[in-house]
Visitor: 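What follows is a structure written as structure tokens; I'll ask about it next.
Protein chains get the first letters and strands the later ones, always in sequence-line order, with residue 1 at the start of each. It should be emphasised that the depicted structure is a prediction, and the values quoted were computed from it without experimental measurement. Below, each value reflects all heavy atoms present in this structure, side chains not excepted, and no hydrogens, waters or symmetry copies.
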Amino acid sequence: MKQFAVIGKDINRNDAEAKARGQALYTDDLKLPGMLYGSILRSPLAHARIAHIDVSRASALNGVRCVVTGEDIPKVKYGNWRLFPDTQDEYALAVEKVRFIGDEVAAVAATDRDTAQEALSLIRVEYKELPAVFDVEAASQPGAPVLHDYCPSNVSVNRKIQYGDIEKGFAESDYIREDEFNVHAVSHAYLEPCSALAQLDQDGRITLWSSTQVPYIVQCLLASTLGMRENDIRVIKPFVGGGFGGKMELRTWEFCAAFMARKTGRPVKFTLSREEEFLTGRRRHPMKIRSRVGFKKDGTLVAKDLRIKLDGGAYNAMGPTATFLCGNFGAMLYRYPNYRFHGEHVYTNKPPASAMRGFGAPQSLYATETQMNIAAQELGMDPVELRLKNAQVSGDKIPDVATISSCGFIDSIKKVAQMSNWKKKRKSLKPGQGLGIGCYSFISGGVFNWFNTTYPFSAAEIRAFADGTVHLLTMTADIGQGSDTALKQILAEELGLRMEDIRITSGDTAMTPQADLGSWGSRVTLMGGNAVLDAARKIKAQLFGAVSARFNMNVIYELECKGGRVQAKGRPDKGVSFGEAVAMVQRANRGEPIVARGSYTPRDKGLVTPAFGFGAQVAEVEVDQETGIVQVKKMWTAHDCGTVINPKGVEGQLCGSIQMGLGYALCEQFVMDGGKTLNTNFLDYKMATAVDMPPGDVAHVETYEPEGPMGAKECGEGLASPTAPAISDAVFNATGYRCTDLPITPEKILKGMKRGFI
Amino acid sequence: MQKICFQLNGEKAEAEIEDYLTLLEVLRDRFSILSVKEGCGIGECGACTVLLNERPVYACLTLAVKADGCDVKTTEYLSKDGTLHPLQEAFVKSGAVQCGYCTPGMLMSAYALLQEEKTPTEEMIREGISGNLCRCTGYIQIMEAVKDASQI
């Protein structure tokens, strides 16, 4: 393992102090002179034709400056899958039709919030209600109500993967298990509600401050929907209060803020209410998963046939990617010599589902892992042994999809079993106590160019100064996960500088180098990090040349940047300070400043990702026999994220993932009445608080990922997957109730405990 | 309209306000105290937690007129003299801050707890911040920070 000066150290976050002082400004904290407040009118119906909209009374209200409907906007559809324009199915405001309760129908901008709200109530919309459909099975039947004319079947995306010989595989299996799993929608529930503020400048260009994970994507899609040039749009990401996948598309309020700023000449800000977030916000895809697996008697996996119907809600959003990924994740973790997947993304009249932490993995792996636990029980094997027998290792190939690069999966399973005292503890459980296991694998950024970017996937610019400092510019988006800090650490390590020697500017599309696809799919550390390294090495090459010349060095000398100096390796006397080296290069170039650009685009890395993270988790629970209430007593996690760049940061990701995973398993859910979300506040949408969080132990099983910067890979999303299957297995272990339809509620447990505790 | 006078982070504050405004609105709009965040607006998330006469309250559920004659403290108070308060320092060092949106409110709940109980037990810490939601940290590092700060 390499020795590092900055990597692997508990370095405080770049922005922690500003945030702890209350000085960090988020989009809604920004105010501009003459700013108008925007508000959105939403559909009360799940499916309807818009017969007529009358905005005259709203427009006439004192203080209202602008009212727009779908009739006023350019008829340009958008969606993140720009590579396949057919999948782009959304207008910023409904045109002719509404497709879910909450679909955006009109927007108002007024001099204050109350006036904007009042104006909404004065807009009259005449709807002709249409039959609606809320279930994937019903929606994909012939004759079902059709949501989009272009897609008469309601199945908007089909994805198939097949390798080996599935029939032969099952024929050769000694034990075949088939189950159906139904997993539900949950909310990102980031604490900062979405907000966007647009300003028109003197040249007619737009600046948009937005709570977004994807400044570049917003820039491009905003340009196309407004009919403007990309360079006429500047998107700035201020501090963002969490995203988790829920802020990774162009959204109506971003469009409306910009569109209305152009119409009125005044800045316009929209901020969503929490009720809007819950009622209409993006959510994790519910999935109906049918999985059939075949094993040999000794537990060796032979075949898997996976069929998934994703409940996409009313629009594609990031559904195509989720459809793609849930099938890839179905083939992960274990070696399936014969595999078949068919995924269908189905439109229903519900709020659109989209990307959410784990991006198809929490659903797919809930099925994989629960089925592994069922199979272990029926084969009479220890779940840990069954996993070890089939676990993927470095070099394994998923034909045409991916090759496993670094892989600490087996070590993670062994480590978590040891940490939790698995064997002994499983045998000594008292009634009502349970111990369960779940595992995960996740991508370190995607390689499939669905956005059809014509730029590198990530880019970085470094400016070096004679005072010994550098300025890092990157379009990557720190949304709270700490990517600015991680990138600074990578740069500090490579240039031998201290964190305080680095200034960083990130997430401003007019100032930071084109381009970066944003924060999703755990891509920033690996892709943004590689771009930073690429740029840093170009800086070093210049400095090394100057220092080598200055000391008349033999060409065989290796040079290094270390401890704020540029010097011959092993001969620190042959060297100068970083700042002096910069000054030397600058003088040699007649004052030209040192600037270098680096980039990273994954090439020849299959269809999914350059590198996978892996891990295993064990949960201990106690179930109350009278009430069915589950208490999670402890979590043990062993995971492989390659080189750990910032241990506190990685552990923070882990603990946050457990909070989400615990909610996914036990208490978080949208309560729906047809297409209507009934629980639109934090009191009714039950999220774990500090009193619910179990203590945990963690082990970093370090590998060195050759494709990652300093050997690093993902750590932010994979861990969103193992918690639910681990808790579910522990609940089974405690009660005999095996959950195949999340969440695991007390009611289901009490009904499922046929024989009482085992 | 009503005139209110109160102590804001140790200094005298006055405002002419409509009766229906919340303390959250008045602190943010009139006094530019932007650490007070609106995460839900209906008293569920705790991002707007401030101290009213040393007791933590949700500023979004507190009418501003109630602050008349009272002492109001926000996160800005903790580092008023420029240096970080030990509690803020502990948050920074423990990794208790991720997106930071819940942080100011979380700090005020923790500060109120530590004012009341110098060395709280783990249960007391859990209870003390259970009115503040966080979606990033899973609370573990926040609880560590509060514990560390209590031992200074």
Visitor: Below 4.5 Å from any heavy atom of chain B, which atoms of A:Asp28 appear? Answer side chain, backbone, both or neither.
Guide: both
Visitor: Looking at B:Gly100 and A:Tyr26, what are the two nearest heavy atoms and their distance?
Guide: C-OH, 3.1 Å
Visitor: Which atoms of A:Glu277 come close to chain B, meaning under 4.5 Å heavy atom to heavy atom: side chain ones, backbone ones, both, or neither?
Guide: neither
Visitor: Working to the nearest 0.5 angstrom, can you tell me the gap between B:Ile140 CD1 and A:Met635 CE?
Guide: 10.5 Å
Visitor: For the backbone of A:Ala688 and the side chain of B:Tyr139, can you confirm whether one donor and one acceptor N or O come within less than 3.5 Å of each other?
Guide: yes
Visitor: Quick check: does any side chain N or O of B:Arg135 sit under 3.5 Å from a backbone N or O of A:Met687, one acting as donor and the other as acceptor?
Guide: no
Visitor: Where does B:Leu78 contact chain A at under 4.5 Å (heavy atoms): side chain, backbone, both or neither?
Guide: neither
Visitor: Would you mind checking if B:Lys93 and A:Asp10 are paired as a salt bridge, meaning a charged N to carboxylate O distance below 4.0 Å?
Guide: no
Visitor: Would you check if the side chain of B:Gln98 reaches a backbone N or O of A:Gly652 as a donor-acceptor pair within less than 3.5 Å?
Guide: yes
Visitor: Does atom NZ (A:Lys9) have a neighbourhood of more than 12 heavy atoms from anything else shown, all under 6.0 Å?
Guide: yes
Visitor: Find the one option among B:Cys40, B:Gly128, B:Cys45, B:Gly41 whose heavy-atom pairs under 4.5 Å with chain A are most numerous.
Guide: B:Cys40
Visitor: Please report the shortest heavy-atom distance between B:Pro104 and A:Gly22, naming the atom on each side.
Guide: CG-CA, 4.2 Å
Visitor: Roughly how far apart are A:Leu191 CG and B:Lys37 NZ, rounded to 0.5 Å?
Guide: 11.5 Å
Visitor: Checking A:Phe278 against chain B: side chain, backbone, both or neither under 4.5 Å from a heavy atom?
Guide: neither
Visitor: Please determine, among B:Val92, B:Ile142, B:Val36, B:Leu107, the option with the most heavy-atom pairs under 4.5 Å with chain A.
Guide: B:Val92
Visitor: How long is the span from the CD atom in B:Glu144 to the CD atom in A:Glu651, to the nearest 0.5 Å?
Guide: 8.0 Å
Visitor: Taking A:Glu192 for the side chain and B:Tyr101 for the main chain, is one N or O donor matched with an acceptor at less than 3.5 Å?
Guide: no
Visitor: Rounded to the nearest 0.5 Å, what's the gap from CG on B:Leu133 to CD on A:Gln659? Could you check?
Guide: 8.0 Å
Visitor: I'd like to know which of B:Cys136, B:Gly95, B:Gly39 tops the heavy-atom pair count under 4.5 Å against chain A.
Guide: B:Gly39
Visitor: May I ask you to say whether B:Arg28 pairs ionically with A:Asp29, meaning some side-chain N is under 4.0 Å from a carboxylate O?
Guide: yes
Visitor: With a 4.5 angstrom heavy-atom cut-off, is it the side chain or the backbone of B:Glu123 that approaches chain A, or both, or neither?
Guide: neither
Visitor: Output the distance between atom CZ (A:Arg274) and atom CD (B:Glu44), rounded to the nearest 0.5 Å.
Guide: 9.5 Å
Visitor: Measuring heavy-atom distances to chain B, does A:Glu275 have an atom under 4.5 Å in its side chain, in its backbone, in both, or in neither?
Guide: neither
Visitor: Does a donor on one side chain and an acceptor on the other come within less than 3.5 Å for B:Gln88 and A:Arg21?
Guide: no
Visitor: Are there over 12 heavy-atom neighbours, none belonging to B:Glu116, within less than 6.0 Å of that residue's CD?
Guide: no
Visitor: Quick one: of B:Gly43, B:Cys134, B:Ala47, who has the most non-hydrogen atom pairs under 4.5 Å with chain A?
Guide: B:Cys134
Visitor: Under 4.5 Å from any heavy atom of chain A, what part of B:Ile42 do you find: side chain, backbone, both or neither?
Guide: side chain
Visitor: When heavy-atom pairs shorter than 4.5 Å are enumerated against chain B, which of A:Leu25, A:Ile658, A:Asn646, A:Val240 gives the highest number?
Guide: A:Val240
Visitor: Given heavy-atom pairs under 4.5 angstrom as the criterion, report whether the side chain, backbone, both or neither of A:Ala24 touches chain B.
Guide: backbone
Visitor: With a 4.5 angstrom heavy-atom cut-off, could you sort out which part of A:Ser187 is near chain B: side chain, backbone, both or neither?
Guide: backbone
Visitor: Do you know which of B:Thr75, B:Thr103, B:Leu34 has the most heavy-atom pairs with chain A at a distance under 4.5 angstrom?
Guide: B:Leu34
Visitor: Minimum heavy-atom separation for A:Val691 and B:Ser130, please, with both atom names.
Guide: CG1-CB, 4.0 Å
Visitor: So how far is it from A:Asn12 CG to B:Glu89 CD, rounded to the nearest 0.5 Å?
Guide: 8.5 Å
